[in-house]
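Below: one structure, written as structure tokens.
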Amino acid sequence: MSLGQLHYTSAPPGPDGSGFRFTALTPGLPQSVLREAEQLIGYEPPRNAPSRPSATELEAFPRAFSYSELSDGSRLLARTVYTGADYSGRWGNFHAHAVHLAPGRQLPDGALPVSAWESPGWAAATPEGGAPPALAALPPSTLLDPAGLIAFAASRAPWLAAVFTDLQRQAEDETAPQVVLVERDSADVARWVALASAALPREAAHRLTFTTYTRRPHLAGQRIVGVLPDDAHGLAGSGRRYRVHDCSAPPPAPDGPAPGPDGSEPAPWAVAAARIWSAGAFELFQHAHRLPGEPFTAGPPSALALCAGIDLPSSHRTAAALWACEHPAELDGQELDGLVQTLAAPRQEAAVPAAETAALAELFARVGANLRPETAAPLAARLLTSAVRSDEPVRPPDPGALTDEVARQLAAELGPELRAGIADPAGGFARPLRLLRVAGLLAVDCSDLVAPLAHRLAAALLADPAAYGGELHETLADRPDLHTALLRELDAAALAGPASVTVLLERAPVELESREALPYLRMCGWKARGPAGGGGGDRNGELRAVLEAAGVSVFAHPPLLRVAFRLVWGSDTPTPEEARYVLAETGADVHRPAETWPFLVTAALNGRPGDPHADELAHELLAAFSRELRPHDRAALLLLEFARDLRAGGAGPGWVDRYLGLRRAAEPVNPTVLEHVCGRIARRLLTDPGAGRELDDLIRSRDADLCAAYERAAREDAIHGRLLREPRYFADRFVDWNAHPQAGGAWGKVRGALLDGVLRPAARALAAEDLAAVEAALAKRGARHAEDFRAWNRPGALSRLGLRFGGRDSRPGKGSPRRRGAGSDSGYGSGSGSGSGSDDRYRDGGVR
């Protein structure tokens, strides 16, 4: 590689003129480069410099050493010094010697530009011949020796982090402000550039432009601009363009790193770089540049600094630990030991930040197994101490990380705090769980605290199953005593509220394996995690499966049946058929101690009207639990049993009276029971040939529910079919529904609806011969019945018939009361053969 040379000074007249001009050039340098270079290599003496300096004073003049980028992408490395008088004796001359680097080129062997500060290769005067050859290299300066740079870094420690922060911004953003370094000696600016070049990533260091001295910083285009104190005053308040660091004044923060010019905090990478230079460990920079990671991240330099025993703030310790977690193979065993020892060393801070502790725990989990015991134990002890004293979660190390001696010391020191924290109910259960695990590692006896903790834990999980997490799962695996105690608590909770325990087991993977019975918990576990679909819709089969899951006999532990009922039916009620099956399978004796017989009673009372299982269940319950039933429930079940007798034909006379008596005892009666019983009575009244007197009782009862049930039954399709098929049945219903025309109340409302809404549509649907058959059947009951039917069935005659029936005085001695069914032997409605004596119940024609 060749470096084209440029010399510039005030020279006597020649072919190129006189005064300041290029006096020697390597051939081939473009004119555009020369024009730009002429603007960069000038020199203006300091303001207070002597006008006619002596030779000794000339040596004290600042040297302008610069590295500049030209518009074509090439670079110019120059050294300009004040030389005093020129050839004519006029004062103010200087000599500039520069080398040109083509675009994309660097100094030979990749040397950094700052290494050429006061290089022996710089010429003090224009060489003879006027056309110097290109240089092969610039020997490095002997003035930037490591010891001198370390001493300089120590003297500039308060400003290091702030300056490095601004240089990082420049490397990341080309529009970032220029860095102005105010120093009394231009050599110190060169030292600053040397410090920065070592710390910056290699590529950024090669791009770093600078000048060690200028009288006019406003005209300087380099990234780093060195000025004397007298030339820095005009830069105040121009923070958008310049970041001024006045290193000639006392530091603003003598006890620590100075903030940036705008008061901002230094960047993490910059702080790490500053600490490394202050510790004199600049060789770590070359190692850090080779480590993986994004440029200007704090992890690599922080990790190396800590490996070397250099103390760093907590954020850097965190960054180093996290970086080492991601790249553990980048550190050899000695470096890793050094990093861990530094991280584990006692700190002066009252409390270590949670982020640092979490990073240390992660690092220990990654590399702890590869550490020597004497290295791993202090870090493990620190993590355990943080786990006890920190409110933030800290993952404890593995049990084998501690030596016996360290474990005994920690147990003695932390034992009281561990017990107090485990017993503290405030703040949930996460911290007590962590402390319990630490207590196990240190062999601190906390067995008496396990049961209360399990109680609190069960309550929290039942309230919010989402609280079950990985840490709890790990703790239960580490502490079998806590796992057993928790299962006991959940078993007790399942007895009191199986639904909530089932929900918990559905949503949280609580391990149910245990040597203990825990029957209630096992039933909830089957319900929560059993086969999809449970019993396939067969709730009795599901009940049987739930009881089998308990693992103990329901006859030995009757409360199991109550819990099983709640698991299978929940807030629902078994159907009467399901309840009968349960009662038949288990027997009545187990339901008394299990207190489940009320479920069966409710099943009977809530059964669907018309369901034969409801009244059969009532009969069975009356026989099985006669002593346990409350009077109200007994009366309601007796109503259902009465409906059973009606259905089976075993009810004696006086249906309505019996119904009314039972209803009074059962008030208020469940509507489904009422509908069920009234429906059964109504159907018997409509289908039993001997139910005439029972119908009279219904009419006299004025029971609205019974009358309404009678009307509903009369409107059923089966009754309509009989009316169309059986003339004699039609005739009997006509006689029945014309009875007691002046009876008010419930029957008065129903009677007209039956005649108009049931009989009349049927009569209109009958053929002439069928109507004749109806009249014939009525004639057998008495001629008057046939006459009334013809009048009723004659078009337009309904109102007259109603008026005639309604106007007839039915009181004794007032008119001739009609005797229903006289002379009839039909067997429908009268319940006896012909003759007046069989119709005494209808005498007077109405209800008194």
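The basis for the numbers below is simple: all heavy atoms, side chains too, and nothing from hydrogens, waters or symmetry mates.
Rounded to the nearest 0.5 angstrom, R243 CZ and L181 CG are separated by 12.5 Å. Distance CH2/W159 to NE2/H245: 11.5 Å, rounded to 0.5 Å. In this structure, R419 CZ and C446 SG are separated by 5.5 Å, a value rounded to the nearest 0.5 Å. If you take CD on E69 and CG on L101, they are separated by 11.5 Å, rounding to the nearest 0.5 Å. Between the CG atom of L457 and the CG atom of L436 there is a distance of 10.5 Å, given to the nearest 0.5 Å. Taking CG from L144 and CZ from F152, the interatomic distance works out to 10.5 Å, rounded to the nearest 0.5 Å.
Side chain of R223 to main chain of E174: a donor-acceptor pair is present (N/O by atom type, distance under 3.5 Å, no hydrogens or angles). Not a single donor-acceptor pair under 3.5 Å links the side chain of R169 to the backbone N or O of P177. Side chain of W323 to backbone of P292: a donor-acceptor contact under 3.5 angstrom is found. Side-chain N or O atoms of D109 include none that pairs as donor or acceptor with a backbone N or O of A111 at under 3.5 Å. For the pair T375 (side chain) and L371 (backbone), a donor-acceptor distance under 3.5 Å is absent.
Annotation: side chain of W277 is in contact with side chain of L149 (closest heavy-atom distance under 4.5 Å). Between P353 and T318, every side-chain heavy-atom pair lies at or beyond the 4.5 Å cut-off. Side-chain contact between W192 and L160 is present, with at least one heavy-atom pair separated by less than 4.5 Å. Taking 4.5 Å as the limit, every side-chain heavy atom of S68 sits out of range of all side-chain heavy atoms of T209. Side-chain contact between H473 and H483 is absent, with no heavy-atom pair separated by less than 4.5 Å. Side-chain contact between Y67 and V193 is absent, with no heavy atoms from C-beta onward closer than 4.5 Å. In this structure, the side chains of D188 and R156 come closer than 4.5 Å at one or more pairs of heavy atoms. Side-chain atoms of T165 and Q168, non-hydrogen and from C-beta on, never get closer than 4.5 Å to each other.
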* Would you check, one step at a time, whether the test salt bridge (Lys or Arg N to Asp or Glu O under 4.0 Å) holds for E183 with R191? => CA-CA 11 Å; E183 290 282 3; R191 295 184 180 96; over 6 Å; no
* To do: Start with the C-alpha distance between L505 and L521, add both sets of side-chain angles, then the distance that settles side-chain contact (heavy atoms from CB on, under 4.5 Å), and finish with yes or no.
  => CA-CA 9 Å; L505 298 182; L521 182 59; 3.9 Å; yes
* Show the numbers, then the answer: is there a side-chain contact (heavy atoms from CB on, under 4.5 Å) between E330 and H287? => CA-CA 10 Å; E330 298 295 333; H287 190 177; over 6 Å; no
* To do: I would like to know whether L487 and D491 meet side-chain contact (heavy atoms from CB on, under 4.5 Å); could you show each step before the answer?
  => CA-CA 6 Å; L487 294 186; D491 188 60; over 6 Å; no
* Asked: Can you check side-chain contact (heavy atoms from CB on, under 4.5 Å) on L433 and L476, steps first, answer last?
  -> CA-CA 9 Å; L433 286 177; L476 294 177; 5.8 Å; no
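L107 and L112 get closest at one heavy-atom pair: CD1-O, 3.7 Å. Across all their heavy atoms, R479 and A439 have their closest contact at NH1-C, 4.5 Å. The two residues P378 and P373 have their closest heavy-atom pair at CD-O, 4.5 Å. Between A423 and R456 the shortest heavy-atom distance is O-NH1, 3.9 Å. Heavy atoms only, all atoms of each residue included: A190 and V114 are closest at O-CG2, 3.6 Å. Taking both residues in full, the closest heavy atoms of L77 and A116 are given as CD2-CB, 3.8 Å, listed atom of the first, atom of the second, then distance.
Within 6.0 Å of CD in E283 there are more than 12 heavy atoms belonging to other residues, nucleotides or ligands. Within a 6.0 Å sphere centred on CD of E516, heavy atoms belonging to other residues, nucleotides or ligands number more than 12. Around CG of D145, the count of heavy atoms belonging to other residues, nucleotides or ligands within 6.0 Å exceeds 12. Counting non-hydrogen atoms of neighbouring residues, nucleotides and ligands closer than 6.0 angstrom, the NE2 atom of H327 exceeds 12 such neighbours.
Ring geometry for F65 versus F210: interplanar angle of 30 to 60°, hence tilted. W269 and F164 have tilted rings, their planes meeting at an angle from 30° to 60° on a 0 to 90° scale.
Salt bridge annotation for D424-R431: absent, with no cationic side-chain nitrogen under 4.0 angstrom from a carboxylate oxygen.
A donor and an acceptor atom, one from each side chain of E356 and S314, are located under 3.5 Å apart.
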